[in-house]
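Accompanying notes for the structure given below.
Naming convention: chains lettered A, B, ... in sequence-line order (proteins, then strands); numbering from 1 in each chain. Source: prediction; values computed, not measured.
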2 protein chains.
Amino acid sequence: MKRTTLKDLSQYLSVSTSTISRALLDDKDVHPDTRKKVLEAAEKLGYKPNLAAVNLKYGKTKNIGFVVPEMVTPFAAAVLSGVQKVLYPLGYKVIVLQSDENHLYEKDNLLLLQDFNVDGILLNLCHETANIDVFKQIMEAGIPLVFFDRIPPTSLDASHVIVNDSIKAALMVEHLISCGCQKIAHLQGPSTVRNAVERANGYRRIMNKHNLFQSQLVVQTSGTSFADGKSAVASLLEQEIEFDSIFAYTDTLAIGAMNYLLERKVRIPEDVAIASFSGTQLSENVFPQITTVEQPLFQMGETAASLLLEKITNPLAASQTIVLDAQMKYRGSTVNKNTD
Amino acid sequence: MKRTTLKDLSQYLSVSTSTISRALLDDKDVHPDTRKKVLEAAEKLGYKPNLAAVNLKYGKTKNIGFVVPEMVTPFAAAVLSGVQKVLYPLGYKVIVLQSDENHLYEKDNLLLLQDFNVDGILLNLCHETANIDVFKQIMEAGIPLVFFDRIPPTSLDASHVIVNDSIKAALMVEHLISCGCQKIAHLQGPSTVRNAVERANGYRRIMNKHNLFQSQLVVQTSGTSFADGKSAVASLLEQEIEFDSIFAYTDTLAIGAMNYLLERKVRIPEDVAIASFSGTQLSENVFPQITTVEQPLFQMGETAASLLLEKITNPLAASQTIVLDAQMKYRGSTVNKNTD
DNA sequence: AACGCTATTGGGAACGTTCCCAAAATGCCG
DNA sequence: CGGCATTTTGGGAACGTTCCCAATAGCGTT
């Protein structure tokens, strides 16, 4: 069961390991005949290079860390698919870690990846500022870091992939208004996340523009779970704050809120219209389907992976921030609100 | 920026690399004083062992493959958490691969992992029989394979983790009957998956027992997506087959079906009760919440990882099949069906 | 003081590659 | 056919560990 090594091939063919290595690596100066012989023998003996040895030699592990707050939501999974699409054909291995929306775990995860000696890290962070020191330390250790979706505030010298949150949030609020909504509640998400703030800014801008803004309509949640969405809308009801629609930071918040309302026989969208921002399949797999800003998640993964590769192959490459275009999806949770 | 190596420490302390290695590995015969010195120096110079070198030395990669049909459903994510819980503290790296419910991709993934020289593979397969040869070949190459959830039919010498599908499915059908259901449709899922067949068996047994079985009530879907659930229930409606409830192979099928019915103003559970089998968060995050057989997913991951570790540390360890206990969860999609 | 223990240390091979450098083989020219 | 350039090959160091084996130091015994 022992793996066949270069040495085995060398013995089998009575040719030095140097030549074999060259033949296998498609080196120019090796005789076509010997190359052919080598390739055949390799095939026959089932030779597979020992990656540990190669890694040792090159000083690279070909491991990439992928750290996300959670994976129970399809968000990270969709991004991961894009990442894998780019990275696997190149022989990279993607190591997935979940931080459980806890920056302490996030720190552990990052340090673990550093121990693993990964060639680079793709990160969707769970707290904007908590681990800045860790990010810095890792980058100083020569491990490139690329952020996607939720990025850190200070300008670390790292690449980022985001969407234009503020503008698309603004468009979504305009849409709600065009549906006849006036009292648009906003479930904002944690203030420790840049995204949430950006989207809230877009919301506020349009609400002000139409002279509809009321601070009490904005509910800040501590997380982004379904439960957070529920408790947010519950608090609105409890305080008897009137609202005819909801714009939520994520699909999960929106769905949590919607379910809470449906339990109370509130009609969607007739009584309350609902819109969100995210782009996971979730918004399509509930009833009614939720109007949302759909982010190009697969593309986000591809882009982040490409940026990381750039940094890996050339550590001096300039950092970039790529802004992807998200799409408006109008669905049952908002349209035809007033046709009853 | 160069990593500090044993040699650096050796030079710094004027002590041989052997001793340093011993001190770091907690070898018994090294003087306490020198050990202390070594540990301090290692700390000070930020020594991290080069895993590539260690792997080369030991002939292990400490990489584990985790291959699943998809990750957009929280199922695999929950199992993965359990796997990580067990494996990460031991220094293993988990490489995640998605097969997109396509056995050709599954094959590619497995071969990729073999190229990566992983120490073992955790696998939830997407087709029972298609890749048996690949499984065999990989196991013959000395890479242990542990199956969870969907396992292959023939008795490969591999460990498995499953739940008792048939019994729990039966219990669920009994529950539906106790809710007053008589015409229980079953969305079966692909016949190429053992699970689906087991659950269908449980269903059929109880239906027969109560003399309720009608073959037309069973719809076999080609996949397990939301869309499959929709089209399955659509075909029932189209054929004008009467049903007062649905028992679905997975949460996704159930939800797809439910949404389709809700769109058509069918009341859940009053007109049609719905039950499923899975245990993902999905069933709780729709309205009404879905009655389901909840599998212990985290535990499934832990168990599978432990079984794999056993095989890794002792290649001659006997294969085991561990059957976990799933829990019945009664929720709004079935209870109080007849209180209107 | 010589001896034999044990506790501690050092030297160096080995893991499987890659690649530099030198050696050998080949081809071509006059 | 000698000499030179060019193609092709081989030897062996290096990557950073671990661990076997040998060497040394320390210490108690007689």
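For the pair A:Tyr58 and B:Thr17, nearest-nucleotide mapping onto DNA chain D gives the more 5' position to A:Tyr58. For the pair B:Val54 and A:Val15, both in contact range of DNA chain D, the more 5′-proximal nearest nucleotide belongs to A:Val15. Taking the nucleotide of DNA chain C with the nearest heavy atom to each of A:Lys57 and B:Thr34, the more 5' of the two is matched to B:Thr34. Where B:Val30 and B:Leu56 each meet DNA chain C at their nearest nucleotide, the meeting point lying more 5' is that of B:Val30.
The minimum heavy-atom distance linking A:Asp8 with A:Arg3 is given by the pair OD2-O, 3.5 Å.
In this structure, the NZ atom of B:Lys62 is 12 Å from the P atom of D:dT18, given to the nearest Å. Summarising the geometry, the separation between CG on A:Asn55 and P on C:dG16 is reported as 14 Å, rounded to the nearest angstrom.
Looking at the side chain of B:Ser21, the nearest of the listed nucleotides C:dC15, D:dT18, D:dA14 is D:dT18. Out of C:dT17, D:dG10, C:dG10, the shortest distance to the side chain of A:Asn50 is found at C:dT17. Taking the side chain of B:Ala53 as heavy atoms from C-beta on, and the options C:dG10, C:dT18, D:dT17, the nearest nucleotide is D:dT17. Candidate nucleotides D:dT9, D:dC20, D:dA14 were compared by shortest atom distance to the side chain of A:Arg22, and D:dT9 ranks first. Comparing D:dT17, C:dT17, D:dC21 by their closest approach to the side chain of B:Thr5 singles out D:dT17. Set against D:dG10, D:dC15, C:dT8, the side chain of B:His31 has C:dT8 as its closest nucleotide.
The phosphate of D:dG11 (OP1 or OP2) has no side-chain N or O of A:Ser18 nearer than 4.0 angstrom. OP1 or OP2 of D:dC15 lies within a sub-4.0 Å distance of a side-chain N or O belonging to B:Lys7.
Within a 6.0 Å sphere centred on NZ of A:Lys136, heavy atoms belonging to other residues, nucleotides or ligands number 12 at most.
If you check every strand for non-hydrogen atoms under 4.0 Å, A:Lys60 touches nothing.
Classification of the B:Phe147-B:Phe135 ring pair by plane angle, with boundaries at 30° and 60°, yields perpendicular.
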